[in-house]
Amino acid sequence: MVVEMHAGLASDGGSKLKMLLTFVDALPTGNEEGIYYSIDLGGTNFRVLRVEVGAGSVIIGQMVEQQPIPDELTKGTTEDLFNFVALALKSFLEGENDLDGKRALGFTFSFPVRQTSVSTGSLIRWTKGFSIGDTVGKDVAQCLNEALANCGLNVRVTALVNDTVGTLALGHYYDEDTVAAIIIGSGTNACYIERTDAIIKCQGLLTNSGGMVVNMEWGNFWSSHLPRTPYDILLDEETHNRNDQGFEKMISGMYLGEIARLVLHRMALESDVFGDAADSLSNPFILSTPFLAAIREDDSPDLSEVRRILQEHLKIPDAPLKTRRLVVKVCDIVTRRAARLAAAGIAGILKKLGRDGSGVASSGRTRGQPRRTVVAIEGGLYQGYPVFREYLDEALVEILGEVARNVTLRVTEDGSGIGAALLAAVHSSNRQQQGGPI
Ligand code: ADP
Ligand code: MG
């Protein structure tokens with residue numbers, strides 16, 4: 001991971017890790033004030049948020065409205081998608097009786113974007129099952145601004161951020177030792193605070209703080225050291241984005257259930273453990289990750305929840321206890337591998353930052369006392385699946401040893417959206433504050 005981070009920082013295309021500039025060189029300090037909105041468009045769910053902040057890291061009020069993104073919109077047109085988003089914001093503002101004011105909007109858009117400023121950037125490619133051909137290459141903030149204007153709204157995007165960056169912003173707002181953020185939801189990604197002089201591919205990049213948040217797009221991480229199974233290859237072949245997002249396809253919520261389904265399907269073909277039920281197991285994505293989690297977390301002595309899921313969702317009636325145990329085991333292995341890979345990735349970032357206890361930062365500088373390090377983390381898979389969390393924590397301790405005591409993983413609920421609203425505050429023209437050094 002560290003080698004690939006260096007390569008991605010050295011040149012565009014130098015690594016599968018894109019290491020994207022975010023132009024976020026200042027993070028909220030806690031002195032922001034006012035009402036800000038944000039939109040979080042990330043994969044499975046779509047959120048509209050209103051955040052009211054007062055001085056001193058106080059979030060006075062927040063409102064979150066969430067809805068699933070209709071499937072047809074993920075494969076339709078750019079216009080339809082952004083109109084849907086703009087109309088959702090409009091009805092939210094109507095509900096808040098706040099249609100008239102000029103408002104700054106944070107736009108969390110969790111796909112790889114080539115940013116040209118903190119509020120502009122073009123889509124590099126879709127991930128997480130989205131495939132809307134004509135969006136690639138377009139400025140997504142401009143797309144949203146146009147849709148907002150068409151709806152008659154006096155709201156403009158002042159911060160276009162990745163979900164990781166929003167999460168880092170909220171983490172940092174609460175705790176200045178926060179240096180990185182991880183998302184483990186439908187997809188997975190990470191960002192961290194890098195020194196501008198280490199971003200070699202952008203010579204002469206100057207920021208007031210001397211640092212900039214880098215969006216790693218770690219879902220696309222790949223390395224010959226990463227053992228790939230036949231199931232990973234089969235899964236890849238089923239997706240819109242073949243040969244990309246290899247790390248994400250081993251870790252995130254969009255894929256874990258499907259990996260387990262592929263394993264179970266092979267077992268059904270090569271043995272008679274599932275009787276005649278092999279047919280239903282041949283349906284791609286029939287086992288969702290929340291079901292995989294429920295199977296793994298069934299602690300009833302006769303695995304009755306496993307029986308119910310097999311029967312109702314996989315159309316496998318009457319699986320004997322021995323078979324149900326086997327299914328639990330498969331779900332466990334898939335979960336454990338994902339959590340351990342995510343932990344290894346986090347350890348990689350800490351190593352790059354010289355905070356993994358090896359004593360030497362990647363810049364060659366020797367560090368003194370270990371420093372307290374906070375990593376903000378969020379996402380439906382991490383937050384909704386305790387066993388995944390336990391495996392991740394366990395692996396991080398295994399990798400870091402003693403140093404793990406100085407490392408805190410902090411869940412920032414709705415951080416991707418709230419953080420974007422805070423960044424909108426930092427970067428809006430009527431700001432009180434310039435944001436703080438990072
Ligand atoms: P996004 O922001 O990408 O829409 P979220 O962070 O809301 O994603 O996470 C949603 C994903 O998390 C779902 O697609 C699902 O795969 C996974 N997920 C949600 N709840 C659970 C759960 N209880 N157990 C396991 N996975 C879950
Ligand atoms: Mg999200």
Side-chain angles (χ1 to χ4, degrees), residues 43-45 66 68 184-188 227 229-235 238 248-343 377-398 409 411 413:
T44 309
N45 295 305
Q66 172 171 314
I184 311 178
S186 308
T188 185
T229 68
Y231 311 105
D232 297 313
I233 293 165
L234 286 171
L235 170 74
E238 288 171 2
E248 176 162 273
K249 287 172 185 169
M250 289 177 158
I251 293 174
S252 75
M254 182 135 196
Y255 306 105
L256 292 193
E258 177 61 2
I259 298 172
R261 197 277 302 171
L262 286 162
V263 177
L264 296 173
H265 183 227
R266 170 117 170 240
M267 289 164 77
L269 292 178
E270 295 188 357
S271 75
D272 58 1
V273 279
F274 295 108
D276 299 331
D279 274 3
S280 69
L281 283 171
S282 65
N283 292 327
F285 292 92
I286 194 175
L287 178 62
S288 71
T289 300
F291 283 131
L292 166 136
I295 288 173
R296 173 58 184 83
E297 300 209 308
D298 183 0
D299 55 5
S300 63
D302 64 340
L303 298 176
S304 51
E305 180 64 7
V306 179
R307 182 198 292 127
R308 191 188 66 78
I309 293 170
L310 287 179
Q311 190 155 338
E312 289 177 18
H313 299 282
L314 299 183
K315 312 289 173 238
I316 302 174
D318 312 320
L321 184 59
K322 208 173 145 199
T323 304
R324 303 205 290 278
R325 285 211 185 100
L326 209 56
V327 173
V328 173
K329 184 74 188 165
V330 169
C331 293
D332 179 65
I333 291 169
V334 171
T335 302
R336 189 159 181 268
R337 179 183 73 156
R340 291 175 74 80
L341 285 174
I377 188 159
E378 73 145 58
L381 178 61
Y382 186 79
Q383 287 170 257
Y385 189 3
V387 169
F388 184 96
R389 274 203 306 276
E390 282 161 30
Y391 282 152
L392 192 155
D393 292 348
E394 183 185 278
L396 202 57
V397 170
E398 220 176 281
L409 299 185
V411 173
E413 181 92 29

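Just so it is clear, the structure is predicted and the values come from calculations on it, not from any experiment. Every heavy atom of this structure was used, including side-chain atoms; hydrogens, water molecules and symmetry mates were not. For reference, positions follow the sequence shown, starting with 1.
Side chains of Thr335 and Tyr385: a donor-acceptor N/O pair is present below 3.5 angstrom, by distance only. With no hydrogens or angles considered, a side-chain donor-acceptor pair links Thr229 and Asp232 at under 3.5 Å.
The two residues Met267 and Leu326 make their nearest non-hydrogen contact at CE-CD2, 3.3 Å. Between Asn283 and Arg261, the shortest heavy-atom distance links the atoms O-NE, 3.4 Å. Closest non-hydrogen pair, Gly257 versus Thr289, comes out as N-OG1, 3.1 Å.
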- [ ] Mind running side-chain contact (heavy atoms from CB on, under 4.5 Å) on Phe388 and Arg296 for me, showing each step along the way?
- [x] CA-CA 10 Å; Phe388 184 96; Arg296 173 58 184 83; over 6 Å; no
TODO: Please test Ile309 against Asp298 for side-chain contact (heavy atoms from CB on, under 4.5 Å), starting from the C-alpha separation and ending with a verdict.
DONE: CA-CA 11 Å; Ile309 293 170; Asp298 183 0; over 6 Å; no
Task: Audit row: Asp302, Arg307, side-chain contact (heavy atoms from CB on, under 4.5 Å) steps and yes/no - done: CA-CA 9 Å; Asp302 64 340; Arg307 182 198 292 127; 3.9 Å; yes
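The local environment of CG in Asp272 is sparse, with at most 12 non-hydrogen atoms from other residues, nucleotides or ligands closer than 6.0 Å.
Atoms CD1 and SG, from Ile259 and Cys331 in turn, are 11.0 Å apart once rounded to the nearest 0.5 Å. Interatomic distance, CG of Asp332 versus CZ of Arg337, reported as 13.0 Å (0.5 Å rounding).
Looking at Ile184, Val411, Ile377 one by one, the single match for side-chain contact (heavy atoms from CB on, under 4.5 Å) with Gln383 turns out to be Val411.
His313 has its side chain within reach of Arg308: a pair of non-hydrogen atoms, C-beta onward, lies under 4.5 Å apart.
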